Trainee: 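The structure is given below, and queries will be raised subsequently.
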Amino acid sequence: MDIAVLYRNLENNILRRDRISKKLRRSCRKAYTEEDLNNIVEQVKALRTSRKALRKILVYIREAGNYEGFEEPLVTILEYMLMVGVHMEREVLQGTSRVLRKHKNTEQYADEIDRVDMEEIEVLGKELEVTYSIIKSRLGL
């Protein structure tokens, strides 16, 4: 796959994840009704889907033979994800879990966040580090 397409996919994915995280944070502040809670669960699922897509993009980036001038932008966006994105997502999901745990009918989703999503975030963090290291080594830094 072309590195320009991969970079655009990476950038779009990260922007989408940031929007979902911000929306999820706002939704958790005003979760009063059953509909609000269902909306939160759907947002968690969207974030999960986006996380899986990001992991696929990272694999393609690692397999790319040549970054054709995209080295610096890739390093920058991966640094952002390592320093901010992963931690922000973890924080948002922990808050979401606390909100869902307060309601009997959404406790199972809170457990799922605590088990599945937190583990997936750890794996994502490791994959980001590996991808970042590969790009930095190809740059000779």
Side-chain angles (χ1 to χ4, degrees), residues 1-103 105-141:
M1 191 178 286
D2 183 39
I3 192 66
V5 173
L6 285 172
Y7 180 75
R8 188 176 60 241
N9 290 347
L10 176 67
E11 190 176 49
N12 288 339
N13 180 282
I14 290 172
L15 291 172
R16 179 174 187 267
R17 294 166 54 71
D18 283 347
R19 280 192 306 274
I20 294 169
S21 292
K22 288 175 186 174
K23 193 174 183 181
L24 185 56
R25 182 176 276 144
R26 281 193 306 267
S27 296
C28 285
R29 284 190 210 126
K30 58 178 184 162
Y32 302 114
T33 66
E34 187 73 32
E35 184 178 328
D36 293 336
L37 293 172
N38 289 335
N39 188 26
I40 288 172
V41 169
E42 291 305 313
Q43 290 169 354
V44 168
K45 289 177 182 178
L47 195 56
R48 189 178 295 154
T49 301
S50 180
R51 186 181 317 119
K52 289 176 183 174
L54 177 57
R55 289 179 59 199
K56 284 182 183 179
I57 294 168
L58 291 173
V59 169
Y60 290 134
I61 289 173
R62 286 193 300 263
E63 292 173 351
N66 184 4
Y67 296 124
E68 302 169 8
F70 281 91
E71 295 89 350
E72 290 299 324
L74 282 169
V75 165
T76 302
I77 202 164
L78 291 173
E79 282 176 348
Y80 165 77
M81 280 304 294
L82 284 167
M83 292 181 195
V84 178
V86 171
H87 301 292
M88 183 176 81
E89 183 176 351
R90 183 180 297 118
E91 182 182 298
V92 167
L93 286 174
Q94 287 170 340
T96 302
S97 175
R98 284 191 296 272
V99 168
L100 294 176
R101 200 167 295 289
K102 291 178 185 177
H103 305 276
N105 57 341
T106 56
E107 274 187 76
Q108 74 221 21
Y109 294 112
D111 291 338
E112 192 173 315
I113 289 171
D114 294 341
R115 283 184 292 95
V116 176
D117 292 295
M118 291 303 152
E119 178 64 31
E120 286 180 358
I121 290 171
E122 291 301 315
V123 171
L124 175 62
K126 290 175 185 171
E127 289 189 22
L128 284 164
E129 288 174 10
V130 168
T131 306
Y132 178 76
S133 297
I134 287 171
I135 294 169
K136 292 287 271 190
S137 68
R138 289 187 186 174
L139 279 171
L141 301 174

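Computed from heavy atoms alone, side chains included, the values below leave out hydrogens, waters and symmetry copies. As the structure is a computational prediction, the values presented were derived from the model and not from experiment.
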Trainee: Do any N or O atoms from the side chain of Ser50 and from the backbone of Ala46 form a donor-acceptor pair under 3.5 angstrom?
Mentor: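 A pair under 3.5 Å: no.
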Trainee: Given Arg16, which partner from the list Asn13, Ile20, Ile14 fulfils the side chain to side chain contact (heavy atoms under 4.5 Å, CB included) test?
Mentor: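 By the side chain to side chain contact (heavy atoms under 4.5 Å, CB included) criterion, Arg16 pairs with just one of Asn13, Ile20, Ile14: Ile20.
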Trainee: Report the C-alpha distance between Glu120 and Arg55 in whole Å, list the side-chain angles of each, state the deciding distance to 0.1 Å, and finish with yes or no for salt bridge (Lys or Arg N to Asp or Glu O under 4.0 Å).
Mentor: CA-CA 10 Å; Glu120 286 180 358; Arg55 289 179 59 199; 5.5 Å; no
Trainee: In this structure, are over 12 heavy atoms from other groups packed under 6.0 Å from Phe70 atom CZ?
Mentor: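 Atom CZ in Phe70 is crowded, with more than 12 foreign heavy atoms closer than 6.0 Å.
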Trainee: Do Arg19 and Lys22 touch side chain to side chain, with heavy atoms closer than 4.5 Å?
Mentor: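 Of all side-chain heavy-atom pairs linking Lys22 with Arg19, none is under 4.5 Å.
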Trainee: For the residue pair Arg8 and Val5, establish whether any side-chain heavy-atom pair is separated by less than 4.5 Å.
Mentor: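 With C-beta onward as the side chain, the pair touches.
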Trainee: Just how far is it from atom CZ of Arg98 to atom OG1 of Thr96, taken to the nearest 0.5 Å?
Mentor: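 Between Arg98 CZ and Thr96 OG1, I get 8.5 Å after rounding to 0.5 Å.
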Trainee: If you apply the rule side-chain contact (heavy atoms from CB on, under 4.5 Å), what do you find for Asp36 with Lys30, and how did you get there?
Mentor: CA-CA 8 Å; Asp36 293 336; Lys30 58 178 184 162; 5.6 Å; no
Trainee: Does a side-chain heavy-atom distance below 4.5 Å link Ile134 with Ile61?
Mentor: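 No, too far: nothing below the 4.5 Å cut-off.
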Trainee: For a 4.5 angstrom cut-off between non-hydrogen side-chain atoms, does Leu128 reach Leu58?
Mentor: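 Of all side-chain heavy-atom pairs linking Leu58 with Leu128, at least one is under 4.5 Å.
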Trainee: Please report the closest heavy-atom contact between Ser21 and Val92, naming both atoms and the distance.
Mentor: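 So the minimum-distance heavy-atom pair works out to O-CG1, 3.9 Å.
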Trainee: Would you check if Leu100 and Asp111 make a side-chain contact, meaning some heavy-atom pair closer than 4.5 Å?
Mentor: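 In short, these two side chains do not touch, never coming nearer than 4.5 Å.
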Trainee: Using 0.5 Å steps for rounding, measure from the CD atom of Glu127 to the CD atom of Glu122.
Mentor: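 So the CD of Glu127 and the CD of Glu122 are separated by 12.0 Å.
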Trainee: Taking distance alone, no hydrogens or angles, what donor-acceptor pairs closer than 3.5 Å link side-chain atoms of residues 73-87 to residues at least two apart or in another chain?
Mentor:
{"from": "Thr76", "atom 1": "OG1", "to": "Glu72", "atom 2": "O", "distance (Å)": "2.9"}
{"from": "Glu79", "atom 1": "OE2", "to": "Tyr132", "atom 2": "OH", "distance (Å)": "2.6"}
{"from": "Tyr80", "atom 1": "OH", "to": "Asp18", "atom 2": "OD1", "distance (Å)": "3.3"}
{"from": "Tyr80", "atom 1": "OH", "to": "Asp18", "atom 2": "OD2", "distance (Å)": "2.9"}
{"from": "His87", "atom 1": "ND1", "to": "Arg90", "atom 2": "NH1", "distance (Å)": "3.3"}
{"from": "His87", "atom 1": "NE2", "to": "Leu82", "atom 2": "O", "distance (Å)": "3.3"}

Trainee: To the nearest 0.5 Å, what is the distance between NZ on Lys102 and SG on Cys28?
Mentor: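 Nearest 0.5 Å value for the NZ-SG distance: 9.5 Å.
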Trainee: Kindly indicate, with the supporting measurements, whether the criterion side-chain contact (heavy atoms from CB on, under 4.5 Å) is fulfilled by Ile135 and Thr131.
Mentor: CA-CA 6 Å; Ile135 294 169; Thr131 306; 4.1 Å; yes
Trainee: Could you tell me the separation between the CZ atom of Arg115 and the CD atom of Glu119, rounded to the nearest 0.5 Å?
Mentor: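 Interatomic distance, Arg115 CZ to Glu119 CD, rounded to 0.5 Å: 11.5 Å.
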Trainee: If you round to the nearest 0.5 Å, how far is NZ of Lys56 from CG of Asn9?
Mentor: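 Interatomic distance, Asn9 CG to Lys56 NZ, rounded to 0.5 Å: 12.0 Å.
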Trainee: Can you confirm whether Asn38 sits close enough to Glu34 that some side-chain heavy atom of one is under 4.5 Å from a side-chain heavy atom of the other?
Mentor: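 They are in contact (side-chain heavy atoms under 4.5 Å apart), so the answer is yes.
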Trainee: Looking at Val99 and Ala31, what are the two nearest heavy atoms and their distance?
Mentor: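 Scanning both residues, the minimum pair turns out to be CG1-CB, 4.0 Å.
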Trainee: Nearest 0.5 Å, please: how far is NZ in Lys23 from CG in Leu47?
Mentor: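 It is 12.0 Å, given to the nearest 0.5 Å.
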Trainee: Could you point out which residue of Asp117, Thr106, Asp114 forms a side chain to side chain donor-acceptor pair (under 3.5 Å) with Ser97?
Mentor: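 Only one of Asp117, Thr106, Asp114 forms a side chain to side chain donor-acceptor pair (under 3.5 Å) with Ser97, namely Asp114.
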Trainee: Does any non-hydrogen side-chain atom of Val44 lie less than 4.5 Å from one of Glu112?
Mentor: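 Not in contact.
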